[in-house]
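Computed from heavy atoms alone, side chains included, the values below leave out hydrogens, waters and symmetry copies. Throughout, protein chains are lettered first and strands after them, A, B, ... in sequence-line order, and every chain is numbered starting at 1.
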Amino acid sequence: MNTSQQLEFIKRNTVEIIPENELLDKLNFSEKSKKPLRVKLGIDPTAPDMHLGNAVVLRKLREFQELGHIALLIVGDFTAKIGDPSGRSKTRPQITNEEIEKNMATYKEQIFKILIPEKTEFRYNSEWLGKLTSEEIIKLASKFTLAQLLEREEISNRYKNNEPISLHELFYAIFQGYDSVATMTDIELGATEQKFNLLVGRELQREYFQAPQVTMTMPILVGTDGVKKMSKSYGNYIGITETPVNMFGKVMSIPDSCIMNYFQLATNLPEVEIKNIEQLLKSSNPRDIKSRLGYEIVKVYHSEAEAKEAEQGFVKMFSKKEVPEDMRVYEVKEEKIWLPQLLLDSGAVPTKSEARRLIEQKAVEVDGQVVTDIKFELEVKSPVVLKVGKRQFLKVILVK
RNA sequence: GGGCAGGUACCCAAGUGGCCAAAGGGGGCAGACUGUAAAUCUGUUGGCAUAGCCUUCGAAGGUUCGACUCCUUCCCUGCCCA
(Lines give C-alpha, C1' and ligand atoms only; values in the text may rest on other atoms or scores of the structure.)
Protein backbone atom coordinates (compact mmCIF):
# COMPACT_ATOMS: atom_id res chain seq x y z
CA MET A 1 0.00 0.00 0.00
CA ASN A 2 1.29 3.45 -0.78
CA THR A 3 0.59 6.18 1.70
CA SER A 4 -2.49 7.58 0.03
CA GLN A 5 -3.97 4.10 -0.03
CA GLN A 6 -3.06 3.81 3.61
CA LEU A 7 -4.88 7.05 4.24
CA GLU A 8 -8.01 5.69 2.57
CA PHE A 9 -7.74 2.53 4.64
CA ILE A 10 -7.45 4.49 7.85
CA LYS A 11 -10.22 6.91 6.97
CA ARG A 12 -12.84 4.23 6.97
CA ASN A 13 -15.25 4.52 9.89
CA THR A 14 -13.88 7.77 11.17
CA VAL A 15 -15.95 10.82 11.85
CA GLU A 16 -13.29 13.48 11.62
CA ILE A 17 -9.59 13.69 11.00
CA ILE A 18 -8.14 16.99 12.05
CA PRO A 19 -6.41 17.79 9.78
CA GLU A 20 -6.37 15.18 7.08
CA ASN A 21 -3.45 16.57 5.13
CA GLU A 22 -1.23 16.42 8.21
CA LEU A 23 -2.10 12.78 8.60
CA LEU A 24 -0.87 12.12 5.09
CA ASP A 25 2.29 14.09 5.84
CA LYS A 26 2.91 12.00 8.90
CA LEU A 27 2.36 8.77 7.01
CA ASN A 28 4.79 9.93 4.32
CA PHE A 29 7.35 10.99 6.85
CA SER A 30 7.09 7.70 8.67
CA GLU A 31 7.54 5.78 5.45
CA LYS A 32 10.64 7.73 4.49
CA SER A 33 12.29 7.79 7.87
CA LYS A 34 11.22 4.21 8.71
CA LYS A 35 10.04 5.53 12.04
CA PRO A 36 6.67 4.15 13.15
CA LEU A 37 4.09 6.67 14.24
CA ARG A 38 3.01 6.73 17.85
CA VAL A 39 -0.74 6.48 17.95
CA LYS A 40 -2.20 7.35 21.30
CA LEU A 41 -5.35 6.15 22.94
CA GLY A 42 -6.29 7.13 26.43
CA ILE A 43 -7.74 4.28 28.41
CA ASP A 44 -9.70 4.51 31.55
CA PRO A 45 -8.71 2.02 34.23
CA THR A 46 -12.02 2.15 36.07
CA ALA A 47 -14.05 -0.38 34.08
CA PRO A 48 -12.14 -3.58 33.38
CA ASP A 49 -14.65 -4.98 30.92
CA MET A 50 -14.09 -4.23 27.26
CA HIS A 51 -17.11 -4.18 25.03
CA LEU A 52 -17.88 -3.72 21.37
CA GLY A 53 -18.10 0.03 21.91
CA ASN A 54 -14.54 0.28 23.21
CA ALA A 55 -13.54 -2.06 20.45
CA VAL A 56 -14.46 0.40 17.70
CA VAL A 57 -11.51 2.60 18.59
CA LEU A 58 -9.24 -0.32 19.46
CA ARG A 59 -9.87 -1.90 16.10
CA LYS A 60 -8.78 1.31 14.44
CA LEU A 61 -5.62 1.18 16.50
CA ARG A 62 -5.10 -2.33 15.29
CA GLU A 63 -5.26 -1.07 11.73
CA PHE A 64 -2.46 1.34 12.49
CA GLN A 65 -0.47 -1.51 13.95
CA GLU A 66 -0.96 -3.50 10.79
CA LEU A 67 0.58 -0.61 8.91
CA GLY A 68 3.57 -0.88 11.20
CA HIS A 69 2.83 1.81 13.73
CA ILE A 70 2.89 1.75 17.50
CA ALA A 71 -0.20 1.79 19.70
CA LEU A 72 0.47 3.95 22.68
CA LEU A 73 -1.98 3.22 25.44
CA ILE A 74 -2.08 5.86 28.08
CA VAL A 75 -3.54 4.48 31.24
CA GLY A 76 -5.30 7.30 32.96
CA ASP A 77 -4.40 6.23 36.46
CA PHE A 78 -3.81 9.81 37.51
CA THR A 79 -6.87 11.20 35.81
CA ALA A 80 -9.01 8.32 37.03
CA LYS A 81 -8.59 9.77 40.43
CA ILE A 82 -10.09 12.96 39.08
CA GLY A 83 -13.15 11.67 37.23
CA ASP A 84 -14.00 12.32 33.61
CA PRO A 85 -16.91 14.63 32.85
CA SER A 86 -17.28 13.32 29.28
CA GLY A 87 -20.60 11.66 28.71
CA ARG A 88 -21.47 11.73 32.36
CA SER A 89 -24.05 13.75 34.08
CA LYS A 90 -22.55 13.27 37.49
CA THR A 91 -19.20 13.48 39.11
CA ARG A 92 -17.61 10.09 38.88
CA PRO A 93 -16.45 8.45 42.06
CA GLN A 94 -12.73 8.21 42.63
CA ILE A 95 -10.70 5.03 42.59
CA THR A 96 -7.78 3.52 44.53
CA ASN A 97 -4.40 2.32 43.26
CA GLU A 98 -5.12 -1.30 44.11
CA GLU A 99 -8.28 -1.25 42.06
CA ILE A 100 -6.43 0.27 39.13
CA GLU A 101 -3.80 -2.48 39.24
CA LYS A 102 -6.40 -5.17 39.34
CA ASN A 103 -8.39 -3.65 36.53
CA MET A 104 -5.34 -3.24 34.35
CA ALA A 105 -4.47 -6.90 34.60
CA THR A 106 -7.90 -7.82 33.28
CA TYR A 107 -7.66 -5.08 30.72
CA LYS A 108 -4.49 -6.38 29.18
CA GLU A 109 -5.89 -9.85 28.81
CA GLN A 110 -8.81 -8.47 26.88
CA ILE A 111 -7.08 -5.79 24.88
CA PHE A 112 -4.79 -8.27 23.18
CA LYS A 113 -7.74 -10.00 21.66
CA ILE A 114 -7.63 -6.99 19.38
CA LEU A 115 -4.19 -5.40 19.53
CA ILE A 116 -0.80 -6.81 18.60
CA PRO A 117 1.21 -7.05 21.83
CA GLU A 118 4.61 -6.41 20.22
CA LYS A 119 3.39 -3.16 18.82
CA THR A 120 1.68 -1.93 21.94
CA GLU A 121 3.19 0.30 24.56
CA PHE A 122 1.62 1.05 27.91
CA ARG A 123 2.28 4.22 29.84
CA TYR A 124 0.69 5.37 33.08
CA ASN A 125 0.03 9.06 33.12
CA SER A 126 0.80 9.44 36.81
CA GLU A 127 4.40 9.05 35.64
CA TRP A 128 4.44 12.65 34.45
CA LEU A 129 1.27 14.16 35.83
CA GLY A 130 2.28 13.21 39.34
CA LYS A 131 5.43 15.23 38.95
CA LEU A 132 3.90 18.45 37.73
CA THR A 133 4.55 21.33 40.08
CA SER A 134 1.84 23.76 40.97
CA GLU A 135 3.72 26.32 38.95
CA GLU A 136 3.50 24.17 35.83
CA ILE A 137 -0.12 23.37 36.47
CA ILE A 138 -0.98 27.04 36.66
CA LYS A 139 0.97 27.62 33.49
CA LEU A 140 -0.96 24.90 31.70
CA ALA A 141 -4.23 26.21 33.04
CA SER A 142 -3.47 29.69 31.78
CA LYS A 143 -3.67 28.44 28.20
CA PHE A 144 -7.40 27.89 28.43
CA THR A 145 -10.34 30.02 29.35
CA LEU A 146 -13.46 29.28 31.30
CA ALA A 147 -15.55 29.99 28.23
CA GLN A 148 -13.68 27.31 26.27
CA LEU A 149 -14.24 24.70 28.91
CA LEU A 150 -17.85 25.69 29.35
CA GLU A 151 -18.45 25.23 25.66
CA ARG A 152 -18.45 21.52 26.15
CA GLU A 153 -22.00 20.35 26.06
CA GLU A 154 -21.70 18.02 29.00
CA ILE A 155 -20.31 20.71 31.23
CA SER A 156 -22.61 23.47 30.08
CA ASN A 157 -25.67 21.29 30.54
CA ARG A 158 -24.73 20.57 34.08
CA TYR A 159 -24.04 24.22 34.61
CA LYS A 160 -27.42 25.23 33.20
CA ASN A 161 -29.16 22.65 35.35
CA ASN A 162 -27.54 23.98 38.50
CA GLU A 163 -25.67 20.75 38.97
CA PRO A 164 -22.32 20.72 40.70
CA ILE A 165 -19.17 20.87 38.60
CA SER A 166 -15.96 20.50 40.53
CA LEU A 167 -12.97 22.51 39.44
CA HIS A 168 -10.83 19.43 39.15
CA GLU A 169 -13.08 18.12 36.42
CA LEU A 170 -12.18 21.09 34.29
CA PHE A 171 -8.55 20.11 34.57
CA TYR A 172 -9.20 16.72 33.10
CA ALA A 173 -9.01 17.85 29.51
CA ILE A 174 -5.84 19.80 30.19
CA PHE A 175 -4.12 16.86 31.80
CA GLN A 176 -5.14 14.51 29.08
CA GLY A 177 -3.74 16.97 26.60
CA TYR A 178 -0.51 17.11 28.51
CA ASP A 179 -0.25 13.34 28.12
CA SER A 180 0.31 13.95 24.43
CA VAL A 181 3.11 16.36 25.18
CA ALA A 182 4.78 13.95 27.59
CA THR A 183 4.65 11.08 25.12
CA MET A 184 5.32 13.03 21.92
CA THR A 185 2.21 11.62 20.35
CA ASP A 186 1.79 11.74 16.57
CA ILE A 187 -1.84 10.79 16.32
CA GLU A 188 -4.54 10.48 18.92
CA LEU A 189 -7.74 8.50 18.59
CA GLY A 190 -10.94 8.81 20.52
CA ALA A 191 -14.71 8.63 20.27
CA THR A 192 -16.48 11.72 18.98
CA GLU A 193 -17.32 12.85 22.50
CA GLN A 194 -13.59 13.10 23.13
CA LYS A 195 -13.01 15.65 20.41
CA PHE A 196 -12.45 18.55 22.73
CA ASN A 197 -9.94 16.67 24.84
CA LEU A 198 -8.07 15.50 21.77
CA LEU A 199 -7.80 19.02 20.46
CA VAL A 200 -6.44 20.24 23.76
CA GLY A 201 -3.52 17.86 23.24
CA ARG A 202 -2.89 19.41 19.87
CA GLU A 203 -2.99 22.87 21.36
CA LEU A 204 -0.59 22.06 24.17
CA GLN A 205 1.91 20.32 21.95
CA ARG A 206 2.12 23.49 19.93
CA GLU A 207 2.84 25.42 23.12
CA TYR A 208 5.66 23.01 23.86
CA PHE A 209 7.07 23.35 20.33
CA GLN A 210 6.15 19.84 19.27
CA ALA A 211 4.54 18.87 16.00
CA PRO A 212 0.87 18.92 16.92
CA GLN A 213 -0.87 15.56 16.89
CA VAL A 214 -3.45 14.64 14.32
CA THR A 215 -6.73 13.87 16.03
CA MET A 216 -9.10 11.24 14.78
CA THR A 217 -12.58 10.79 16.11
CA MET A 218 -14.54 7.59 15.77
CA PRO A 219 -18.29 7.06 15.79
CA ILE A 220 -20.03 5.87 18.90
CA LEU A 221 -21.59 2.44 18.93
CA VAL A 222 -25.09 2.43 20.31
CA GLY A 223 -25.87 -0.01 23.11
CA THR A 224 -28.15 -3.04 22.96
CA ASP A 225 -31.04 -0.81 24.04
CA GLY A 226 -30.64 1.09 20.79
CA VAL A 227 -30.78 4.41 22.56
CA LYS A 228 -27.78 5.21 24.69
CA LYS A 229 -24.16 4.73 23.80
CA MET A 230 -22.76 1.36 24.68
CA SER A 231 -21.40 1.54 28.17
CA LYS A 232 -20.85 -0.74 31.06
CA SER A 233 -22.66 1.51 33.48
CA TYR A 234 -25.81 1.52 31.38
CA GLY A 235 -25.76 -2.27 31.26
CA ASN A 236 -26.37 -2.19 27.52
CA TYR A 237 -23.08 -3.65 26.40
CA ILE A 238 -21.77 -6.74 24.69
CA GLY A 239 -18.47 -7.72 26.24
CA ILE A 240 -15.70 -8.96 23.97
CA THR A 241 -14.99 -11.88 26.29
CA GLU A 242 -18.56 -13.09 26.46
CA THR A 243 -19.35 -16.61 25.32
CA PRO A 244 -20.39 -17.09 21.70
CA VAL A 245 -23.90 -17.96 22.81
CA ASN A 246 -24.33 -14.85 24.95
CA MET A 247 -22.75 -12.63 22.39
CA PHE A 248 -25.02 -13.93 19.70
CA GLY A 249 -28.07 -13.65 21.91
CA LYS A 250 -27.32 -10.07 22.82
CA VAL A 251 -26.84 -9.13 19.20
CA MET A 252 -30.24 -10.62 18.39
CA SER A 253 -31.83 -8.45 21.03
CA ILE A 254 -30.75 -5.14 19.55
CA PRO A 255 -33.46 -3.05 17.89
CA ASP A 256 -33.61 -3.33 14.09
CA SER A 257 -32.76 0.32 13.74
CA CYS A 258 -29.14 -0.18 14.75
CA ILE A 259 -28.33 -3.22 12.65
CA MET A 260 -26.32 -1.25 10.11
CA ASN A 261 -24.54 0.70 12.82
CA TYR A 262 -23.29 -2.61 14.18
CA PHE A 263 -22.33 -4.03 10.79
CA GLN A 264 -20.33 -0.94 10.08
CA LEU A 265 -18.55 -0.63 13.39
CA ALA A 266 -18.33 -4.10 14.86
CA THR A 267 -17.67 -6.53 12.02
CA ASN A 268 -14.75 -7.18 9.71
CA LEU A 269 -16.80 -7.17 6.55
CA PRO A 270 -15.56 -5.13 3.61
CA GLU A 271 -17.38 -1.97 2.65
CA VAL A 272 -18.88 -3.52 -0.49
CA GLU A 273 -20.40 -6.39 1.44
CA ILE A 274 -21.91 -4.00 3.95
CA LYS A 275 -23.50 -2.03 1.12
CA ASN A 276 -25.04 -5.25 -0.15
CA ILE A 277 -26.42 -6.08 3.23
CA GLU A 278 -27.92 -2.65 3.52
CA GLN A 279 -29.82 -3.28 0.29
CA LEU A 280 -30.83 -6.72 1.44
CA LEU A 281 -32.18 -5.31 4.69
CA LYS A 282 -34.81 -3.40 2.78
CA SER A 283 -36.28 -6.51 1.22
CA SER A 284 -35.87 -9.30 3.74
CA ASN A 285 -36.75 -10.19 7.28
CA PRO A 286 -34.51 -8.14 9.58
CA ARG A 287 -34.21 -11.14 11.83
CA ASP A 288 -32.19 -13.00 9.24
CA ILE A 289 -29.91 -10.04 8.66
CA LYS A 290 -29.43 -9.73 12.37
CA SER A 291 -28.57 -13.39 12.56
CA ARG A 292 -25.85 -12.77 10.00
CA LEU A 293 -24.68 -9.86 12.12
CA GLY A 294 -24.46 -12.03 15.20
CA TYR A 295 -22.48 -14.57 13.24
CA GLU A 296 -20.03 -11.97 11.96
CA ILE A 297 -19.49 -10.45 15.38
CA VAL A 298 -18.95 -13.74 17.15
CA LYS A 299 -16.50 -14.64 14.40
CA VAL A 300 -14.36 -11.62 15.23
CA TYR A 301 -13.86 -12.60 18.85
CA HIS A 302 -14.17 -16.37 18.64
CA SER A 303 -13.85 -18.76 15.71
CA GLU A 304 -15.92 -19.25 12.62
CA ALA A 305 -16.98 -22.64 13.93
CA GLU A 306 -18.13 -21.20 17.22
CA ALA A 307 -20.01 -18.49 15.41
CA LYS A 308 -21.84 -21.07 13.37
CA GLU A 309 -22.57 -23.09 16.44
CA ALA A 310 -23.93 -20.09 18.30
CA GLU A 311 -26.19 -19.28 15.42
CA GLN A 312 -27.54 -22.81 15.16
CA GLY A 313 -27.94 -23.05 18.89
CA PHE A 314 -29.94 -19.90 18.83
CA VAL A 315 -32.31 -21.14 16.19
CA LYS A 316 -32.85 -24.35 18.12
CA MET A 317 -33.37 -22.61 21.38
CA PHE A 318 -35.69 -19.86 20.37
CA SER A 319 -37.20 -20.60 17.02
CA LYS A 320 -37.68 -24.29 17.71
CA LYS A 321 -37.93 -23.82 21.47
CA GLU A 322 -35.49 -26.60 22.17
CA VAL A 323 -33.26 -26.72 25.18
CA PRO A 324 -29.66 -25.77 24.47
CA GLU A 325 -27.03 -28.50 24.49
CA ASP A 326 -24.44 -26.67 26.48
CA MET A 327 -25.63 -25.05 29.62
CA ARG A 328 -24.31 -24.10 32.96
CA VAL A 329 -24.23 -27.01 35.35
CA TYR A 330 -24.95 -26.56 39.01
CA GLU A 331 -24.22 -29.34 41.46
CA VAL A 332 -26.28 -30.00 44.54
CA LYS A 333 -25.75 -32.36 47.44
CA GLU A 334 -29.32 -33.04 48.45
CA GLU A 335 -32.12 -34.70 46.58
CA LYS A 336 -34.75 -32.17 47.54
CA ILE A 337 -34.27 -28.44 47.49
CA TRP A 338 -36.62 -25.55 47.92
CA LEU A 339 -36.63 -23.87 44.52
CA PRO A 340 -36.02 -20.24 45.57
CA GLN A 341 -33.10 -21.42 47.68
CA LEU A 342 -31.62 -23.26 44.74
CA LEU A 343 -32.02 -20.28 42.44
CA LEU A 344 -30.24 -18.11 44.95
CA ASP A 345 -27.43 -20.57 45.69
CA SER A 346 -26.74 -21.15 42.03
CA GLY A 347 -26.50 -17.45 41.41
CA ALA A 348 -29.42 -17.43 39.00
CA VAL A 349 -31.04 -14.66 41.00
CA PRO A 350 -29.62 -12.08 43.42
CA THR A 351 -32.17 -12.54 46.21
CA LYS A 352 -34.87 -14.96 47.25
CA SER A 353 -37.46 -12.26 46.79
CA GLU A 354 -36.40 -12.01 43.19
CA ALA A 355 -36.77 -15.76 42.90
CA ARG A 356 -40.29 -15.57 44.32
CA ARG A 357 -41.16 -12.80 41.94
CA LEU A 358 -39.96 -14.75 38.93
CA ILE A 359 -41.79 -17.86 40.00
CA GLU A 360 -44.99 -15.94 40.55
CA GLN A 361 -44.58 -14.39 37.13
CA LYS A 362 -44.29 -17.74 35.41
CA ALA A 363 -40.72 -17.12 34.46
CA VAL A 364 -39.29 -20.30 35.91
CA GLU A 365 -39.53 -23.67 34.22
CA VAL A 366 -38.47 -27.05 35.52
CA ASP A 367 -37.92 -29.54 32.71
CA GLY A 368 -40.14 -27.48 30.49
CA GLN A 369 -42.96 -27.17 33.02
CA VAL A 370 -43.82 -23.74 34.38
CA VAL A 371 -43.68 -23.65 38.15
CA THR A 372 -45.93 -21.19 39.94
CA ASP A 373 -45.75 -22.47 43.48
CA ILE A 374 -43.13 -20.67 45.51
CA LYS A 375 -42.99 -23.56 47.92
CA PHE A 376 -41.97 -25.92 45.17
CA GLU A 377 -39.45 -28.52 46.29
CA LEU A 378 -37.20 -29.62 43.48
CA GLU A 379 -36.31 -33.29 43.29
CA VAL A 380 -32.93 -33.96 41.76
CA LYS A 381 -32.72 -37.70 41.47
CA SER A 382 -31.75 -37.34 37.85
CA PRO A 383 -30.46 -34.15 36.21
CA VAL A 384 -33.04 -31.40 35.99
CA VAL A 385 -33.10 -28.52 33.54
CA LEU A 386 -34.20 -25.13 34.82
CA LYS A 387 -35.08 -22.12 32.76
CA VAL A 388 -35.02 -18.81 34.54
CA GLY A 389 -36.33 -15.78 32.70
CA LYS A 390 -35.81 -15.40 28.99
CA ARG A 391 -32.25 -16.44 28.65
CA GLN A 392 -30.91 -18.38 31.60
CA PHE A 393 -30.66 -22.14 31.49
CA LEU A 394 -29.28 -24.28 34.25
CA LYS A 395 -28.70 -27.97 34.58
CA VAL A 396 -28.95 -29.21 38.14
CA ILE A 397 -27.14 -32.41 39.01
CA LEU A 398 -27.03 -34.39 42.22
CA VAL A 399 -23.53 -35.06 43.54
CA LYS A 400 -22.91 -37.14 46.60
C1' G B 1 -19.36 35.25 56.19
C1' G B 2 -24.89 36.62 55.20
C1' G B 3 -29.70 35.45 52.70
C1' C B 4 -32.74 31.89 50.11
C1' A B 5 -33.98 26.98 48.15
C1' G B 6 -32.98 21.94 48.50
C1' G B 7 -31.04 16.49 49.96
C1' U B 8 -36.95 10.69 49.51
C1' A B 9 -35.96 3.89 46.60
C1' C B 10 -31.84 2.70 39.98
C1' C B 11 -33.23 8.02 38.03
C1' C B 12 -36.89 12.12 38.22
C1' A B 13 -40.44 13.32 41.72
C1' A B 14 -45.01 13.44 45.42
C1' G B 15 -45.62 12.94 50.47
C1' U B 16 -45.47 17.51 55.91
C1' G B 17 -47.40 13.04 62.88
C1' G B 18 -50.39 7.02 62.34
C1' C B 19 -54.28 4.87 56.38
C1' C B 20 -46.05 4.86 54.28
C1' A B 21 -42.00 -0.16 52.10
C1' A B 22 -43.60 5.27 50.87
C1' A B 23 -48.23 8.31 45.04
C1' G B 24 -46.86 9.28 39.86
C1' G B 25 -43.42 9.02 35.74
C1' G B 26 -38.94 7.04 33.55
C1' G B 27 -35.89 2.88 33.47
C1' G B 28 -35.34 -2.43 34.73
C1' C B 29 -37.40 -7.35 35.11
C1' A B 30 -41.31 -10.96 33.93
C1' G B 31 -45.77 -12.72 31.26
C1' A B 32 -48.99 -12.32 26.68
C1' C B 33 -48.28 -11.09 21.47
C1' U B 34 -43.74 -11.52 18.33
C1' G B 35 -38.52 -12.23 15.04
C1' U B 36 -35.12 -12.96 22.44
C1' A B 37 -36.78 -6.40 17.23
C1' A B 38 -40.34 -2.42 17.63
C1' A B 39 -45.23 -1.23 19.30
C1' U B 40 -49.08 -2.69 22.66
C1' C B 41 -51.43 -4.86 27.06
C1' U B 42 -50.71 -6.97 32.07
C1' G B 43 -47.93 -7.79 36.36
C1' U B 44 -43.67 -6.61 39.20
C1' U B 45 -39.57 -3.52 41.04
C1' G B 46 -35.88 -3.15 49.77
C1' G B 47 -34.93 -7.87 52.48
C1' C B 48 -36.73 -12.21 55.07
C1' A B 49 -41.01 -15.14 55.97
C1' U B 50 -47.33 -19.55 54.53
C1' A B 51 -51.69 -13.90 57.71
C1' G B 52 -46.38 -11.21 59.79
C1' C B 53 -41.51 -9.38 60.77
C1' C B 54 -36.87 -6.57 59.82
C1' U B 55 -34.08 -2.41 57.46
C1' U B 56 -34.84 2.27 54.53
C1' C B 57 -36.65 8.81 53.14
C1' G B 58 -28.52 13.20 53.81
C1' A B 59 -26.07 11.86 59.21
C1' A B 60 -26.40 11.66 64.45
C1' G B 61 -29.26 12.66 68.55
C1' G B 62 -34.12 14.17 70.81
C1' U B 63 -39.72 14.86 71.46
C1' U B 64 -43.88 11.28 70.95
C1' C B 65 -47.69 5.45 72.30
C1' G B 66 -46.09 6.38 67.10
C1' A B 67 -41.70 10.39 62.77
C1' C B 68 -40.23 10.69 55.81
C1' U B 69 -43.15 14.25 58.46
C1' C B 70 -41.81 18.10 64.78
C1' C B 71 -37.01 19.92 67.57
C1' U B 72 -31.39 20.22 67.93
C1' U B 73 -26.65 19.73 65.94
C1' C B 74 -23.81 18.35 61.90
C1' C B 75 -22.68 17.08 56.57
C1' C B 76 -23.71 17.99 51.36
C1' U B 77 -25.72 20.78 46.76
C1' G B 78 -27.57 25.03 43.95
C1' C B 79 -28.75 30.34 43.56
C1' C B 80 -28.04 35.53 45.20
C1' C B 81 -25.01 39.12 48.12
C1' A B 82 -19.85 39.92 49.97
Side-chain angles (χ1 to χ4, degrees), chain A residues 83 87-94 150 155-169 222-229 231-238 242-263 280-295 297-298 310-324 327 338-341 343-345 348-365 368-377 386-393:
Chain A
R88 304 274 159 171
S89 51
K90 290 214 170 138
T91 306
R92 203 191 271 191
Q94 302 182 345
L150 277 176
I155 296 278
S156 62
N157 280 345
R158 280 162 65 185
Y159 188 67
K160 276 181 212 141
N161 293 333
N162 288 344
E163 281 168 25
I165 302 167
S166 305
L167 284 182
H168 75 278
E169 294 182 61
V222 72
T224 52
D225 58 356
V227 182
K228 288 181 280 211
K229 69 165 188 174
S231 142
K232 188 161 189 231
S233 48
Y234 295 142
N236 61 359
Y237 69 102
I238 303 177
E242 293 194 50
T243 61
V245 172
N246 270 340
M247 209 179 245
F248 192 93
K250 282 194 182 179
V251 172
M252 289 308 281
S253 76
I254 65 169
D256 294 353
S257 57
C258 24
I259 291 178
M260 288 322 295
N261 185 241
Y262 274 64
F263 263 113
L280 211 58
L281 186 58
K282 288 175 189 156
S283 57
S284 47
N285 187 338
R287 182 199 49 188
D288 301 331
I289 306 288
K290 223 195 271 181
S291 188
R292 171 82 193 277
L293 176 66
Y295 169 80
I297 290 177
V298 174
E311 189 174 20
Q312 286 162 357
F314 182 86
V315 171
K316 263 192 200 161
M317 200 186 308
F318 295 101
S319 309
K320 299 185 185 157
K321 305 254 180 221
E322 283 175 26
V323 171
M327 67 182 102
W338 182 39
L339 191 54
Q341 187 67 50
L343 294 176
L344 179 70
D345 293 346
V349 297
T351 64
K352 272 191 225 166
S353 295
E354 182 65 18
R356 282 160 188 279
R357 239 171 258 138
L358 288 172
I359 293 170
E360 278 163 12
Q361 292 174 149
K362 303 184 174 141
V364 179
E365 287 176 19
Q369 292 290 309
V370 175
V371 173
T372 49
D373 180 11
I374 55 163
K375 284 186 248 169
F376 189 85
E377 297 273 344
L386 295 186
K387 185 182 178 202
V388 186
K390 285 193 226 255
R391 192 178 291 170
Q392 257 194 112
F393 284 90

Colleague: In whole angstrom, give me the gap between the P atoms of rC75(B) and rA60(B).
Modeller: 15 Å

Colleague: Sticking with atom P, work out how far rA21(B) lies from rG52(B), rounded to a whole angstrom.
Modeller: 11 Å

Colleague: Of all the choices, rA49(B), rA30(B), rG35(B), which nucleotide is nearest to the side chain of Trp338(A) once you look at every atom?
Modeller: rA49(B)

Colleague: Can you tell me, in whole Å, how much space there is between the C1' of rC11(B) and that of rC57(B)?
Modeller: 16 Å

Colleague: On a whole-Å scale, what distance lies between the P atoms belonging to rG3(B) and rU73(B)?
Modeller: 13 Å

Colleague: Can you work out whether Val245(A) or Arg356(A) has the more 5'-proximal nearest nucleotide on RNA chain B?
Modeller: Val245(A)

Colleague: Of all the nucleotides listed (rC29(B), rU45(B), rG35(B)), which has the minimum atom distance to the side chain of Arg357(A)?
Modeller: rU45(B)

Colleague: On the side chain of Asp256(A), is there an atom forming a donor-acceptor pair with the base of rG35(B) - under 3.5 Å, no angle test?
Modeller: yes

Colleague: Say you pick atom P in rA67(B) and the same atom in rU77(B); how far apart are they, in whole Å?
Modeller: 30 Å

Colleague: Does any nucleotide pair with rG61(B) by Watson-Crick or G-U wobble geometry, both distances under 3.5 Å, and what is it?
Modeller: rC71(B)

Colleague: Nearest of rG35(B), rC48(B), rA30(B) to any side-chain atom of Pro286(A)?
Modeller: rG35(B)

Colleague: For rC10(B), give its Watson-Crick or G-U wobble partner with both distances under 3.5 Å, or none.
Modeller: rG26(B)

Colleague: Collect all protein-nucleotide pairs involving nucleotides 76-82 of chain B in which both atoms are nitrogen or oxygen and the distance is under 3.5 Å.
Modeller:
unit_1  : atom_1 : unit_2    : atom_2 : d
rG78(B) : O2'    : Asn162(A) : ND2    : 3.2

Colleague: With distance as the sole criterion, do the side chain of Gln361(A) and the base of rG31(B) form a donor-acceptor contact below 3.5 Å?
Modeller: no

Colleague: Hey, does the side chain of Arg391(A) come within less than 4.0 Å of rC29(B)'s phosphate (OP1/OP2), counting only N and O?
Modeller: no

Colleague: How far, in whole Å, is rU42(B) from rG24(B) if one measures between their P atoms?
Modeller: 14 Å

